[in-house]
Protein chains: 2
Amino acid sequence: MATLSDVAAVAGVSPTTVSRYLNNNIALPASTRERIDAAIAQLDYRPNLLAKRLSTGRAEAIGLVTPDIGNPFFAQLAAVVESEAERHGYAVYMTSTHGDRAREIEAIRRMRDRHVDGLILMSNRPDDGSLARLLADDDKVVLMDEDVPGIGLSRVFVENEVGAYLATQHLIAAGHRHIAVIGGPPGLLSVRERLAGYERAMTEAGLAVHEGDVLLQDYSRSFGRAATESILAQKRTPSAIFASSDYLAVGVLQALQNAGLSVPQDMSLVGFDDMPFAEMVNPPLTTIRQPVAEMGRMAVEQLMALLNGIAAAPLTRLPVDLVVRRSVAQFQPRSI
Amino acid sequence: MATLSDVAAVAGVSPTTVSRYLNNNIALPASTRERIDAAIAQLDYRPNLLAKRLSTGRAEAIGLVTPDIGNPFFAQLAAVVESEAERHGYAVYMTSTHGDRAREIEAIRRMRDRHVDGLILMSNRPDDGSLARLLADDDKVVLMDEDVPGIGLSRVFVENEVGAYLATQHLIAAGHRHIAVIGGPPGLLSVRERLAGYERAMTEAGLAVHEGDVLLQDYSRSFGRAATESILAQKRTPSAIFASSDYLAVGVLQALQNAGLSVPQDMSLVGFDDMPFAEMVNPPLTTIRQPVAEMGRMAVEQLMALLNGIAAAPLTRLPVDLVVRRSVAQFQPRSI
DNA sequence: TAAGCTTCGTAAACCGCTTTACCTGCCAGG
DNA sequence: CCTGGCAGGTAAAGCGGTTTACGAAGCTTA
């Protein structure tokens, strides 16, 4: 590999000159420029980014910490983060934490060691304080999707409360009066907010939230199944379920199918996220769409602002909307 | 941030000593070791990886070039590549090419600029030769999933031919005698091989492949739909379809549904890949499972071998298997 | 007692680039 | 004729490590 000095030697100038020319830090006469350009072409010179970074202290790379890059939601987010970062000339280091606090901390350390300029962090566990402590004197970090309470970082979230409100209202508008809700880990921002949206819709409609109608544990398919089974075991079962993630909703679908019930005839269902598979399941899932592309774009934008010394917005809320498919039906009072 | 010299100063030794100690290149008496350890702990020293890499020339990072990290298949692969690489102490740089040749080339260049030690490359376009040329004098690259013909790199593929054979045979065993096949871009290794497996099964069973029964274009949902429409427009329609990717299969499902046909009653269907959504669609898709985890593991293993100067296997074939779900039914001759 | 090993280290060059001075002509203006 | 400014550069000190080569004590051993 040719180095800057090789280029300089061929062009008959000093390495300094070549470096400054390449970084637009010097005005050179056309003849010199041409000699340098020719030397670069001739040697097929490509700057050694490692050396450049070491010397400037700027890595021109950001880190993306996700719970699991194998999950379609995070994968989509990662894809747009990557392409947005690339537009700004930044590379992206990705890491999956597998939802484990220790790995999360390790990942953040590693990111720092790899010398990234900033971090986009997606967590999906309620923080016990260790994350907050680790990030305490860190700026240059943008939190996406879920919160880490107690630190003054820039955040990019969606309108969880509104989404849940919309979902619940949609069910109410279809005549449902007894609606259960299934959610992720208590303590998580998105869970709290989605629950709040559900409760607001119920309250505004003058509907009661019965005991046993709120089931929180985690955003997994298997909990979707388990929660549904527990709902079906009640004496008075609801006529509709709001599953606050599409993974949960798929679990609900499976449990209902196992129980011989069909959606939406026997039970209406609304999900949350609009995962790629939401329109492929049977029936296609009515759900709340999160603007994935917009989230990724925003997170990168905020981080770039931080990196350029511009104050980033402390909190960005992205709008969600209801995607009506075929998992909700008009409520039919049980015949006789 | 504390540097090596800071540690050396605090410990009362030279930077050389600390460096060699940290890299197990020197035997030191316990007292000295303790002083260095104490200094490291006291200063919370973490080596600057950038400097280390510049000086050693080893990046301890690999590049992963995928067509699209947002696609669940590649995302899953990426997830296991990442965790496997991490086990070996390597970081992973990921890039998506969006199936564009120019971006692919750019990605490979960038990877090199970022100074990765090796590359795992997944392409999904037939190469026009430019990729082969670019990689010609490159070792330290392993090709996964699809081929780039004409270069002597290590490759990790699945048993495409066997998989397609299994899928077709499964349909034949259910009594189907007229089976169409839908596939990706002609020229792609996986497409050729899957087609070959289909043909072998048909030939062995003494079945004819009718004109218009082989439709190749790309591995997309929309082509799955289009191909199905074209199949349904024929005078004699098949009773079963082998869609050589699950994306295609979902498209087939949608087109059949639009046409008022139900699977498997009116048409049997087998997919390929066993994407996460395959068991969520309606009906759950009978398909050929690719061993995603195994592929990722293998690719990393081969690359690590290369990086350690051990010759890697020129070609690894991973086995696939049939996952029977509910999209295939016994053939029913049309009544009257 | 001198030669020869160990043991425990160190000096200094180097990786490839950036950046902060600073330098040398040459020309215009006073 | 002197001064100042500008065009067109360059030397050298980093960035934070690694690595090669060398060396001073202190102990054996012949």
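Computed from a prediction, not measured in an experiment: that's the story for all the values here. Below, chains carry the letters A, B, ... as their sequence lines are ordered, and counting in each starts from 1.
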Gap separating the CG atom of Leu153(B) from the CG atom of Asp138(B), nearest 0.5 angstrom | 7.0 Å
Please tell me which of Leu54(A) and Ser14(A) maps to the more 5' nucleotide of DNA chain D, matching each residue to the nucleotide holding its nearest heavy atom.
-> Ser14(A)
For Pro47(B), the side chain to side chain contact (heavy atoms under 4.5 Å, CB included) test, sequence neighbours excluded, returns Tyr45(B)
Compute the angle between the rotation axes at the two ends of the helix from dT1(C)-dA30(D) to dG30(C)-dC1(D), each taken over five pairs, rounded to 10 degrees.
-> 60°
Please determine if Lys140(A) and Asp117(A) form a salt bridge, counting it only when a charged side-chain N lies under 4.0 Å from a carboxylate O.
-> no
Assign a letter to each nucleotide of nucleotides 17-28 of chain D from its 5' end: B, base within under 4.0 Å of a protein heavy atom; S, sugar-phosphate only; -, no contact.
-> BBBBB-------
Could you state the CD1-C1' distance from Ile26(B) to dT6(C), rounded to the nearest angstrom?
-> 13 Å
How would you list all residue pairs meeting salt bridge (Lys or Arg N to Asp or Glu O under 4.0 Å) that involve residues 81-92 of chain B, not counting sequence neighbours?
-> Arg103(A)-Glu86(B), Arg110(A)-Glu86(B), Glu84(B)-Arg87(B)
Any residue of residues 29-37 of chain B with a heavy atom less than 4.0 Å from an atom of DNA chain D | none
Nearest heavy-atom contact between Ala75(A) and Ala75(B) is CB-CB, 3.6 Å
Identify the heavy atoms of Tyr21(B) and Asp37(B) that sit nearest to each other, and give their distance.
-> OH-OD1, 2.9 Å
State, yes or no, whether a side-chain contact exists between Arg155(A) and Asp147(A) at a heavy-atom distance under 4.5 Å.
-> yes
In terms of heavy-atom contacts, Ala85(B) and Val92(B) come closest through CB-CG2, 3.6 Å
Nearest non-hydrogen partners of Ala11(B) and Arg35(B), listed with the distance = O-NE, 3.0 Å
Which pairs pass salt bridge (Lys or Arg N to Asp or Glu O under 4.0 Å) with one or both residues in residues 123-136 of chain B, sequence neighbours excluded?
-> Arg101(B)-Asp127(B)
Hey, does Leu28(B) reach any base, or is it just sugar-phosphate, or nothing, if we go heavy atoms under 4.0 Å?
-> sugar-phosphate
With the threshold set at 4.0 Å, does a side-chain nitrogen-carboxylate oxygen contact exist between Arg297(B) and Glu294(B)?
-> yes
Residue met sooner reading DNA chain C from 5', once Leu49(A) and Val13(B) are mapped to nucleotides | Val13(B)
Send over the distance from Tyr21(B) OH to dT7(C) C1', rounded to a whole Å.
-> 17 Å
